[in-house]
Amino acid sequence: MTNEASSSDKSPSFEMTWGSSTSSGYCSEEDSDSEFEQYFTARTSFFPKARKANVNANVKKDEQIEWGKQELTTPDIQQKVKEYNAQINSNLFMNVNKDGSYTGFIKVQFKLARPVSVPSPKKGGHDDRGRKASGVKRRTSFYLPKDASKHLHISSRTSAREVIEALLKKFTVVDNPGKFALFERSERHEQVYIRKLSDDEHPLRLRLCSGPNEKVLSFVLKENETGEVNWHAFSMPELKNFLRILQREEEEHVKQIVQRYALARTRMQETLAGSTPG
């Protein structure tokens, strides 16, 4: 992260936007190798539900965007920054530095399907249930609301990988940054285009070249999907916890099926009892 990016501490504070409430659905505790793992889930399923084939019919992945390829001279940057600042209705301005670099804000939306892990209270503190924390290391995993977002103050030299690392640091997420990827989303010609940014791309440059309109360009943090879940990226306590969640879901699903068929049998028996032969 550059020095310009760290100047966000001196900038206006932007807190995470929470648009939906969460509820504790399942909790398990596992003592493993001097590390005490504690997990909380705010969804009924670890895996996202299957999507209909036609839902994302208009979504084109890996669509090439030419904004990042534009060669900008210092006068070009100054002009674009001036035009950009004239279009926004907030104090999230961009500023040009003497060396030709520039700083500004980007907004990143969270679209995570799996839980993230954060450290539990330090020794001598209290956990979220008011109990005194023990001296062993802990961490808590939970789901982030899908409509959560965060503003980051970064430099034109800040890479996509550094943006991911900064977001995780902001919320003390201890998961491997390699589990996540930054995507750009744009709406053009009544279609939605999504492209995964490479680690060395510069999000603020894309923001400047595209303008402040979120429909033209927005940034989304998602899991770094490769077609299948990379189970090797998870720790053993995490994997054990996922198995517990799946077992709980399986038991609940079986219970619902048994209840549904029991209800159907009862109604059939009542119908037979009330009918007269012939």
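Both backbone and side-chain heavy atoms feed into the values below; hydrogens, waters and symmetry mates do not.
A heavy-atom distance below 4.5 Å is found between the side chains of Ile106 and Phe219. The shortest distance between side-chain heavy atoms of Leu206 and Leu217 falls below 4.5 Å. Contact check for Tyr102 versus Ser155: no side-chain heavy atoms found under the 4.5 Å cut-off. Contact check for Tyr84 versus Cys209: no side-chain heavy atoms found under the 4.5 Å cut-off. The shortest distance between side-chain heavy atoms of Met94 and Leu204 falls below 4.5 Å. Under the 4.5 Å side-chain criterion, counting only non-hydrogen atoms from C-beta, Leu167 is in contact with Phe110. Leu182 is listed as a side-chain neighbour of Pro203, based on a closest heavy-atom distance under 4.5 Å. The shortest side-chain heavy-atom distance between Arg185 and Glu214 does not fall under the 4.5 Å cut-off.
Remark: side-chain polar atoms of Arg260 are not paired, donor with acceptor, to backbone N or O of Lys255 under 3.5 angstrom. Proximity of a side-chain donor or acceptor of Asn224 to a complementary backbone N or O of Ala181 within less than 3.5 Å is not detected. Between the side chain of Asn97 and the main chain of Asp99, no donor-acceptor pair closer than 3.5 Å is present. A distance-only check finds a donor-acceptor pair linking the side chain of Glu223 to the backbone of Ala113 [under 3.5 Å].
Across Arg157 and Ser101, no two heavy atoms sit closer than the pair NE-CB, 3.8 Å. Residues Thr158 and Ile154 come closest through the heavy atom pair OG1-CB, 3.7 Å.
Salt-bridge annotation for Glu238 and Lys179: present, with a side-chain N of the basic residue lying under 4.0 Å from a carboxylate O of the acidic one. Checked for salt-bridge contact, Glu162 and Lys169 miss the test: no charged N lies under 4.0 Å from a carboxylate O. Using a cutoff of 4.0 Å between basic side-chain nitrogens and carboxylate oxygens, Lys215 and Glu187 are not scored as salt-bridged. A salt bridge between Glu165 and Lys170 is absent, with no side-chain N of the basic residue lying under 4.0 Å from a carboxylate O of the acidic one. A salt bridge is absent between Arg114 and Asp175: the closest approach of a Lys/Arg side-chain nitrogen to an acidic carboxylate oxygen does not fall below 4.0 angstrom.
The hydrophobic clustering, which links ILVMFWY residues whose side-chain heavy atoms are closer than 4.5 Å, places Leu243 and Ile245 apart. Taken together through direct or relayed side-chain contacts under 4.5 Å among Ile, Leu, Val, Met, Phe, Trp and Tyr, Val174 and Tyr143 form parts of separate hydrophobic clusters.
The 12-atom threshold is exceeded at CD of Gln259, counting heavy atoms of other residues, nucleotides or ligands nearer than 6.0 Å.
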Side chain to side chain contact (heavy atoms under 4.5 Å, CB included) assessment of His202 paired with Ser156: CA-CA 6 Å; His202 302 95; Ser156 56; 6.0 Å; no

Audit row: Gln79, Glu83, side chain to side chain donor-acceptor pair (under 3.5 Å) steps and yes/no: CA-CA 6 Å; Gln79 180 61 29; Glu83 294 173 354; 3.0 Å; yes

Check against side chain to side chain contact (heavy atoms under 4.5 Å, CB included), Val163 and Leu152: CA-CA 8 Å; Val163 167; Leu152 275 184; 3.9 Å; yes

Derivation and outcome, side chain to side chain contact (heavy atoms under 4.5 Å, CB included), residues Phe180 and Val116: CA-CA 10 Å; Phe180 308 93; Val116 296; 4.1 Å; yes

Below 3.5 Å, can you tabulate the donor-acceptor pairs from side chains in residues 263-272 to any protein atom, sequence neighbours excluded?
from	atom 1	to	atom 2	distance (Å)
Thr266	OG1	Ala262	O	2.9
Thr271	OG1	Arg267	O	2.8

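To the nearest 0.5 angstrom, Ser117 atom OG is 9.0 Å from Asn241 atom CG. Atom NZ of residue Lys111 and atom CG of residue Leu144 lie 12.0 Å apart, to the nearest 0.5 angstrom. With rounding to the nearest 0.5 angstrom, the OG atom of Ser235 is 11.5 Å from the CG atom of Asn176. Ser218 OG to Gln109 CD: the interatomic distance, rounded to the nearest 0.5 Å, is 5.5 Å.
Considering Arg195, Arg161, Lys196 as possible partners of Glu201, the one that fulfils the side-chain hydrogen bond (donor to acceptor under 3.5 Å, both in side chains) test is Arg195. When each of Leu197, Leu221, Val108 is checked for a side chain to side chain contact (heavy atoms under 4.5 Å, CB included) with Ile164, only Leu221 meets the rule.
Aromatic pair His153/Phe105: centroids less than 6.0 angstrom apart.
Annotation: cation-pi geometry satisfied between Arg188 and Tyr193 (NZ/CZ under 6.0 angstrom from ring centroid, within 45° of ring axis).
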